2 protein chains.
Amino acid sequence: MSTIQDVARHAAVSVSTVSNVLNGRTDRMRQETLARVEAAITALQFRPNTLARQLKTGQTPLLGLLVPSIANPMYGYIAREVETFAQEQYGYRVLIGNTYRDQDKEAAFFEDLLAHGVRRVIVISSLADERHLERAVQRGMVVVSYDRRATPGELSDVDHVTPDNFEAAGLATRYLIAHGHTRLAFATVAGMTMSRSDKIKGFLAAAGDAGLREHARVLDGGPLNEYGDAVLSEVGRALAQQMVNDPEPPTGIVAVNDLMALGLMAGLREAGLRVPEDMSIVGMDGLFLSAISNPALTTVQLPVTEMARAMVERAMSRQSGQESNASELVFTPTHLIERESVAPPPGRVRTRAHATGMKPLKAKK
Amino acid sequence: MSTIQDVARHAAVSVSTVSNVLNGRTDRMRQETLARVEAAITALQFRPNTLARQLKTGQTPLLGLLVPSIANPMYGYIAREVETFAQEQYGYRVLIGNTYRDQDKEAAFFEDLLAHGVRRVIVISSLADERHLERAVQRGMVVVSYDRRATPGELSDVDHVTPDNFEAAGLATRYLIAHGHTRLAFATVAGMTMSRSDKIKGFLAAAGDAGLREHARVLDGGPLNEYGDAVLSEVGRALAQQMVNDPEPPTGIVAVNDLMALGLMAGLREAGLRVPEDMSIVGMDGLFLSAISNPALTTVQLPVTEMARAMVERAMSRQSGQESNASELVFTPTHLIERESVAPPPGRVRTRAHATGMKPLKAKK
DNA sequence: TTGAAAGCGCTAACAA
DNA sequence: TTGTTAGCGCTTTCAA
């Protein structure tokens, strides 16, 4: 690897002149000099060492991205959008870390980022509190948190970008209700993150608004290692079992996300229940997988690309160490993709009549 | 952020002493000095700056990982295993890049890695040739290539870690044949990578061994943006259409990977064909998703964790710039997970009799 | 229009 | 056992 010195020697100029051309200060030199330097750079295949530059400037064009698990298709999707946008718009590369939702792993990742000179980070954490994030800001980082609201009342130094989970769940729930469902359930996993609790609130609120509060419950399939794994089918099975054993099972189910919906459908099928004939399911996320499941999953589409861009923009918006000005960006999903996993509830004439009030829309693929 | 100077001052020692404790050379100092330095480090919350260190040593604890798209669940899975292992075993962090199988993006990623001082990289490329990888080695990188064989005859400086795609496809094909299928097809996408061509060869060889060469063909669903996207369903649909329009359609299909199998099942269903009653399908990869599809997908399980570890180990095995010694590690998959997507072919008594020769194994979930 | 030189935070000879 | 010092490759005043 050639250095700036080599280039200077080759072009018979000083290193500062080379540095000047590297940094676009070409106005302060003769055309001829510029040409010589450029020729030397090409000849030597010179690429400035980001590290040395950074040691000087204190800035490194790296963005940290912390996810529970990159094997989870939703996080993979977000990660792709983040990386692509950061790269194309800002020339930043992405340093990624799986945290498995573990406190210590998260902390260790922050330490390493700091040591590497990384000053901008996007965090999908869901740890109970965000004090560690505030601490990172204190240490000079710009941090953007995904999928949680800013703590109300407290002013935070952390930027927040999140879907409106309350609304997303409400949208899904109202869709089921509009199709005549009166016995509702929300299917989730163990562990209460803010986004899950917001979804549950949205679900219950929508049920309440329809006078169905008494018939809406929250079902928990047990612990899930959140990163798209075999365990998902176990959770789906457990959940399905709960529903089967129920003397008065729900007919309309809102799943905490698409993966959960898929796992649940597998569990239901194994238990001998048909979707949507016996039970209707709505997911949330809008993963591409929801389009090819059987039945194709009706789901609330989240604006992933937009959110990813917003996160990157926030992360780039200010100098590290600069005062807060942290914002909260809430993306309200308005788009429910109608597919095949929802139908009117089985039996009951009353419900059927109810359902007929709706013009059943043609499913999109 | 405090520096080594601050620590030295605080502990009233020289920077070299501090450096010595940072680098484990604690034997060459008094207990008491060590204690003072350690106290200072704790007090100042000092973390050595990786960058400065690296500028000196020329080593940065960063591993490059280049994937077509991290949104593809298979690459997400591999990435998780790679990151976790690199971190836990070697304390390395992972710098990730999506290349969308684009030549220029790949080249740009290598340039940036070099500029960042990264000297070890794992590449899932599938570009036609590997000259750019050899060039990277020449420039001092240790590069490990996934999912392709070393070019025979040529000795390469690039390490290769790959599943035995020929065998994997053979395994899948023989399984279908054992279940009585005589009209076979291999479902793939446009674009011939080495791994795809190996799979096709394995498929055709297995068919040939059973005297079925004339009844085995390769079907191409058109271009796919390889990164798990809506397009997948289009490809599945196109493929299904080809099969439906066929006067003598195949009954047993080997899909190039699990995602293709899933997309194909969706397309088939849309075209009115049932899996496995009308058509049987075997996937390859063993994604967790294959376990929750409907029907659950019979698939060849690849040893992802083992391969990921092997790749990291190879990447760490030598100093950058050191002479080659490049190896080829081929993982032969032996495990076919029997689930629900394969049954004897429809109709034909002969085939049925054939199938009865097999003891149908209980499907694993 | 160009160059000399200090210094970013650290490592590792080499001296003391 | 501890300290001094010369860089690693670059940026950026300040002088010439």
Side-chain angles (χ1 to χ4, degrees), chain A residues 1-38 40-41 44-61 111-112 114-119 139-140 320-321, chain B residues 1-38 40-41 44-61 111-112 114-119 139-140 320-321:
Chain A
M1 299 241 48
S2 44
T3 74
I4 198 173
Q5 315 267 7
D6 301 329
V7 177
R9 206 173 307 125
H10 190 106
V13 297
S14 73
V15 288
S16 27
T17 299
V18 180
S19 175
N20 281 335
V21 348
L22 291 180
N23 293 283
R25 290 181 286 267
T26 53
D27 48 319
R28 38 165 116 168
M29 70 191 68
R30 294 213 312 277
Q31 270 293 343
E32 198 262 328
T33 312
L34 173 57
R36 270 215 323 285
V37 172
E38 282 175 337
I41 288 176
L44 272 51
Q45 290 205 56
F46 169 74
R47 301 274 319 178
N49 181 326
T50 317
L51 265 127
R53 170 175 284 173
Q54 206 270 83
L55 193 53
K56 197 64 206 170
T57 64
Q59 281 281 333
T60 192
E111 288 299 335
D112 280 7
L114 245 7
H116 277 286
V118 179
R119 291 292 173 271
R139 297 226 255 160
S320 61
Chain B
M1 298 242 49
S2 44
T3 76
I4 199 174
Q5 315 267 9
D6 300 329
V7 176
R9 205 172 310 125
H10 190 106
V13 295
S14 74
V15 288
S16 35
T17 299
V18 179
S19 175
N20 282 335
V21 349
L22 290 181
N23 293 282
R25 289 181 287 265
T26 52
D27 47 320
R28 36 165 120 170
M29 69 190 69
R30 293 214 313 276
Q31 268 294 341
E32 197 264 328
T33 313
L34 173 59
R36 268 215 323 285
V37 173
E38 283 176 336
I41 288 176
L44 271 50
Q45 287 205 56
F46 168 74
R47 301 275 318 179
N49 181 328
T50 318
L51 266 126
R53 170 176 284 172
Q54 206 270 84
L55 193 52
K56 194 68 205 168
T57 62
Q59 281 281 332
T60 191
E111 288 299 335
D112 280 7
L114 244 8
H116 277 286
V118 179
R119 291 293 174 270
R139 297 226 256 159
S320 61

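Naming: A, B, ... by sequence-line order, numbering from 1 per chain. What's counted below: heavy atoms across the whole structure, side chains too, no hydrogens, waters or symmetry copies. Quick caveat: nothing in here was measured; it's all calculated off a predicted structure.
Distance from the side chain of A/Val15 is smallest for C/dA5 among the nucleotides C/dA5, C/dG7, C/dT11. For A/Ser16, counting side-chain heavy atoms from C-beta on, the closest listed nucleotide (C/dC10, C/dG7, C/dA5) is C/dA5.
Along DNA chain D, the stretch of nucleotides lying under 4.0 Å from any heavy atom of chain B spans, 5' to 3', D/dT1 to D/dG9.
Summary of the strand contacts: B/Asp27 and B/Lys56 both lie near DNA chain D, and taking for each the nucleotide with the nearest heavy atom, the more 5' one is attributed to B/Asp27. Sequence order on DNA chain D of the closest nucleotides to A/Arg25 and A/Ala52 puts A/Ala52 first from the 5' end.
Contact check for A/Asp6 versus A/Arg9: side-chain heavy atoms found under the 4.5 Å cut-off. Within the 4.5 Å cutoff, the side chain of B/Arg119 has heavy atoms near those of the B/Leu114 side chain.
In terms of the side chain to side chain donor-acceptor pair (under 3.5 Å) criterion, A/Arg28 has no residue partners (sequence neighbours excluded).
With a 6.0 Å radius and a threshold of 12 heavy atoms from other residues, nucleotides or ligands, A/Glu32 has its CD atom above the threshold.
Remark: side-chain polar atoms of A/Thr57 are paired, donor with acceptor, to backbone N or O of A/Arg53 under 3.5 angstrom. Side chain of B/Thr60 to backbone of B/Gly117: no donor-acceptor contact under 3.5 angstrom is found. Under a 3.5 Å cut-off, the side chain of A/Asn23 and the backbone N or O of A/Arg25 do not form any donor-acceptor pair.
Separating the CG atom of A/Leu55 from the P atom of C/dG7 is a distance of 14 Å, rounded to the nearest angstrom. Taking atom CE on B/Met29 and atom C1' on C/dA12, their separation rounds to 13 Å, with Å as the unit. Rounded to whole Å, atom P of C/dC8 lies 14 Å from atom CD of A/Gln54. Between B/Leu51 atom CG and C/dC10 atom P the separation is 10 Å, expressed in whole Å. Here C/dA5 presents its C1' atom at 15 Å from CG of A/Asn20, a figure rounded to the nearest Å. Rounded to whole Å, the distance from CZ on B/Arg9 to P on C/dC10 is 12 Å. Rounded to an integer number of Å, the gap from CZ of B/Arg28 to P of C/dA16 is 17 Å. In this structure, B/Ile41 places its CD1 atom 16 Å from P of C/dG9, rounding to the nearest Å.
Residue B/Val37 comes nearest to B/Val7 through the heavy atom pair O-CG1, 4.2 Å, listed as atom of the first residue, atom of the second, then distance. Summarising the geometry of A/Ile41 relative to A/Leu22, their closest heavy-atom pair is CD1-CD2, 4.1 Å, with the distance given to 0.1 Å. Closest non-hydrogen pair, B/Gln54 versus B/His116, comes out as NE2-O, 3.7 Å.
Axis deviation across the helix from C/dT1-D/dA16 to C/dA16-D/dT1 amounts to 50°, comparing end segments of five pairs, rounded to 10 degrees.
Within the 4.0 Å cut-off from OP1 or OP2 of C/dG9, not a single side-chain nitrogen or oxygen of B/Arg53 is found.
Across all strands, B/Arg30 comes closer than 4.0 Å only to sugar-phosphate atoms, never to a base (heavy-atom distances). Residue A/Leu22 is in sugar-phosphate contact alone, with no base atom involved, counting any heavy-atom pair closer than 4.0 Å across all strands shown. Nucleic acid contact class of B/Thr3 (heavy atoms, under 4.0 Å, all strands): sugar-phosphate only. Contact annotation for A/Asn23: backbone-only contact, meaning every heavy-atom pair under 4.0 Å involves sugar-phosphate atoms and none involves a base.
On a pure distance criterion of 3.5 Å, no polar donor-acceptor pair joins the side chain of A/Thr17 and the base of C/dG3.
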